[in-house]
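Only one structure is covered here, and it is reproduced in the block below.
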Amino acid sequence: KNGEGKPVQQIHEPTQQPIPFEDLIASGEEEARQCIAKLSSDPFDLSTPPLRFLLLKLGSDDHVLALATHHLVCDRWSVMIFMRELAHFYGGGDSALGELAIQCADWALWQQEQLQGDALQTQLTYWKDRLDGTLPQLELPLKADAARASHQGQHFPLEFDSQLTDQIRQLANQSQASLFVILLAAFKVLLHRYDGGTDIVVGSEVANRDRPETAGLIGLLVNTLVLRTDLSGNPTFNDLIERVRETVQGGLNHQDLPFEKLVETLNPDRDLDQLTPLFQVKFDLQQVSIPQKQLGDIAFAPFPSEETQTKYALRLNLQEDEKGIRGQIEFSTDLFDTPAIERLARHYTTLLVDIVANSDQAIDSFALILPEERDQLLTLGEGRQRSPVNTTLHKLFETQVGSTPDGLAVIDGDSEFSYAQLNELADRYAGRLRGIARGSRVGVCLRKSADMVAAMLGILKVGAAYVPLDPDYPDERLEFIIADARCAAVFTEGPAGAELEIKETSHDGSMPNLAYLIYTSGSTGQPKGVAISHNAASEMVHWAGDVFSPKELAGTLVSTSICFDLSVFEIFVPLSHGGALILADNLLSLPKLPGRDRVTLLNTVPSLLRQLFKLSSLPDSVR
């Protein structure tokens with residue numbers, strides 16, 4: 001800007017751009033791909049023209065012209081213009097193409113003049129209403145060690161056969177919707193099925209060339225829209241088409257606001273592993289493609305090269321031409337591995353096959369896997385045949401005590417307990433339950449500690465079943481569960497440690513083999529107790545012994561509340577196979593845990609795992 005605050009444009013004079021040449025006849029196409037990869041990955045010096053050429057000779061009449069440009073001066077539409085004009089000259093066209101109606105400088109000035117006053121406020125109001133507040137973070141199939149993402153990427157090809165392509169186009173015609181809306185709606189269904197949420201945000205490009213003067217203009221005119229759609233209520237796909245159409249139309253009606261201005265206005269919080277603000281996933285459908293022409297005796301076609309860069313965590317980039325719908329999934333190799341992207345491509349295709357055949361069905365009913373994949377999963381689920389398990393959880397523990405009495409059983413902060421010591425502590429808790437009938441239920445309302453584990457084992461040792469209770473639960477919920485479970489006693493926190501409160505309740509001994517009674521959240525009404533027998537729990541313990549090695553179970557993090565069934569795995573599987581329990585209030589306390597360097601196994605959900613890997617103090621052994 002000048003001294004008056006007005007924008008000033010400095011336009012350089014035209015310059016000749018040198019084209020380096022390399023003879024690769026002896027090296028072949030692989031060497032050519034490496035040269036192109038380097039050309040595209042080397043950073044630009046913006047004090048020089050932001051474009052680079054390279055001419056490669058692969059044969060006497062076989063050449064590759066590579067062009068790399070900075071995104072500041074070029075978008076995909078511009079590449080198509082350049083290729084079309086290059087083909088024009090190779091085909092013997094006139095030496096001049098005629099003057100353009102406007103230049104990029106004119107378009108930039110027009111954009112600034114238009115986005116003032118009420119026009120700017122209208123655009124800002126729309127997007128702030130749509131996007132203000134906390135935007136959802138999608139649960140995606142990330143790598144286990146996914147952390148901070150760089151721009152290293154790969155592209156996985158995706159192509160629909162002619163039959164599916166025709167069916168997608170037919171559905172678009174029947175719905176009076178664009179092909180973009182149909183494919184985006186299906187992609188949002190896929191993300192919903194992966195994530196489980198109903199607030200799905202996807203970024204998408206718009207050419208931003210609705211003025212006829214921009215049709216032949218080379219420059220960065222493209223803009224990014226943030227398309228947020230509500231998928232709640234399990235709508236039919238036909239109903240979802242209407243929701244997505246409304247989202248897309250609203251975005252197109254307010255596409256003049258530059259994405260950068262929107263980000264500046266909203267100023268969203270960003271994770272270090274998020275390559276783009278406001279959205280994690282991008283969806284694009286382009287209806288322009290690089291021309292493949294025969295110009296006299298010259299064949300003009302794109303050269304296939306391996307892309308190694310990405311600007312996005314995940315992008316589904318499709319193209320439509322006379323041959324059909326094809327494209328690629330662009331992904332960050334720091335966040336995703338190739339098998340996960342291959343599955344995503346397969347799931348998207350399978351989902352579309354089901355959608356075009358049954359668009360009047362609810363979105364949660366569509367298939368993601370093929371019948372042969374379902375059969376394979378069912379076969380894997382049969383597992384190894386074994387005789388039914390007829391034992392108890394505490395007997396499995398006591399057997400391990402006999403095998404490794406001096407082995408480490410529990411790390412509770414700075415305190416450690418051997419198997420023999422933990423068994424002795426459990427026996428003391430069992431002794432406090434004298435008079436409690438077999439088959440009774442006893443509540444455990446204790447903080448995460450060795451005493452909590454010992455209390456659970458002690459309850460089982462006297463033939464009772466434990467009822468997990470979280471001390472942080474509201475009193476009303478605790479009172480309801482204790483009464484509904486007919487607890488004969490409850491272990492609670494006291495000034496001097498665990499206290500035993502005896503309850504006056506009618507004994508219900510109808511399930512003498514009951515190991516524990518665990519309650520649902522109650523989100524659909526009253527919490528409901530789920531009774532699990534020793535046989536069922538012991539079967540899981542035996543199964544885990546086949547799946548996990550002693551080395552993997554050697555230091556199992558116990559971070560799950562005992563009110564969730566995952567805690568049964570975390571506690572009883574290691575104690576039945578010689579492993580140690582490393583107690584933690586929650587998963588994110590691991591970096592400061594005294595026994596953190598001894599953790600070999602942890603169980604959690606992807607969202608918490610991502611947060612965990614962002615903690616710089618996490619030990620390398622856990623990573």
Side-chain angles (χ1 to χ4, degrees), residues 33 36-37 40 71 74-80 83 138 140-141 151-172 177-191 194 200 202-207 222-225 227 244 248 275-276 279-292 301-333 335-356 368:
R33 292 188 179 91
I36 294 171
S40 62
H71 205 22
C74 189
D75 55 22
R76 183 178 176 85
W77 188 294
S78 301
V79 173
M80 300 306 107
M83 300 298 287
L138 290 170
L140 299 170
H151 290 281
Q152 293 298 313
Q154 289 183 12
H155 292 64
F156 186 86
L158 177 64
E159 183 172 357
F160 304 143
D161 61 33
S162 58
Q163 179 181 1
L164 179 56
T165 297
D166 289 344
Q167 290 172 331
I168 295 171
R169 287 169 172 162
Q170 289 172 11
L171 178 59
S178 67
L179 193 64
F180 176 83
V181 166
I182 300 298
L183 293 170
L184 175 60
F187 189 50
K188 291 203 171 204
V189 171
L190 179 63
L191 295 175
Y194 274 22
I200 306 298
V202 172
S204 186
E205 285 183 1
V206 59
V222 69
N223 196 15
T224 300
L225 305 182
L227 304 176
V244 174
V248 172
L275 293 178
T276 50
F279 63 88
Q280 299 161 267
V281 178
K282 196 159 183 282
F283 174 88
D284 291 314
L285 174 65
Q286 276 117 14
Q287 295 177 305
V288 290
S289 59
I290 296 176
Q292 302 185 41
F303 178 76
S305 60
E306 182 70 22
E307 295 283 353
T308 59
Q309 299 287 310
T310 180
K311 299 192 294 291
Y312 310 102
L314 181 68
R315 179 195 188 198
L316 177 56
N317 184 25
L318 299 177
Q319 297 92 40
E320 182 196 16
D321 56 28
E322 65 279 357
K323 295 182 179 179
I325 302 171
R326 60 175 57 82
Q328 55 276 324
I329 300 174
E330 179 182 328
F331 64 98
S332 165
T333 51
L335 301 178
F336 302 92
D337 56 27
T338 301
I341 298 301
E342 185 178 2
R343 286 192 299 274
L344 188 148
R346 188 167 63 248
H347 289 163
Y348 184 56
T349 303
T350 305
L351 186 65
L352 277 167
V353 169
D354 205 0
I355 284 173
V356 296
L368 290 185

What's the separation between atom [atom1] in [X] and atom [atom2] in [Y], rounded to the nearest 0.5 Å?
X	Y	atom1	atom2	result
Arg169	Ile325	CZ	CD1	5.5 Å
Phe336	Ile329	CZ	CD1	10.0 Å
Leu183	Leu316	CG	CG	8.0 Å
Ser78	His71	OG	NE2	9.5 Å

Are the side chain of Asn317 and the backbone N or O of Gly327 linked by a donor-acceptor pair below 3.5 Å?
no

Are any side-chain N or O atoms of Thr350 and backbone N or O atoms of His347, one a donor and one an acceptor, separated by less than 3.5 Å?
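Not at all, since once roles are kept as given, no pair shorter than 3.5 Å links the two residues.
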
Do Lys282 and Leu314 have side chains that approach each other closer than 4.5 Å (heavy atoms only, starting at C-beta)?
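No, too far: nothing below the 4.5 Å cut-off.
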
Hey, are the side chains of Phe283 and Lys188 touching, using non-hydrogen atoms and a 4.5 Å cut-off?
no

Under the salt bridge (charged side-chain N to carboxylate O under 4.0 Å, His left out) test, residues paired with Arg326 that sit two or more places apart:
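Applying salt bridge (charged side-chain N to carboxylate O under 4.0 Å, His left out) to Arg326 gives Glu159, Asp321.
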
Under the side-chain contact (heavy atoms from CB on, under 4.5 Å) test, which residues partner Asn223, sequence neighbours left out?
Val206, Asn208, Phe259

Whether Tyr348 and Phe160 hold their rings parallel, tilted or perpendicular, with breakpoints at 30° and 60°:
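Ring orientation, 0 to 90° scale: tilted.
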
Yes or no on side-chain contact (heavy atoms from CB on, under 4.5 Å) for Phe279 and Leu227, after CA distance, side-chain angles and deciding distance?
CA-CA 9 Å; Phe279 63 88; Leu227 304 176; over 6 Å; no

Do you know which of Gln154, Arg315, Gln319 makes side-chain contact (heavy atoms from CB on, under 4.5 Å) with Gln328?
Gln319

Test Glu205 against Thr224 for side chain to side chain donor-acceptor pair (under 3.5 Å), laying out the working first.
CA-CA 5 Å; Glu205 285 183 1; Thr224 300; 5.6 Å; no

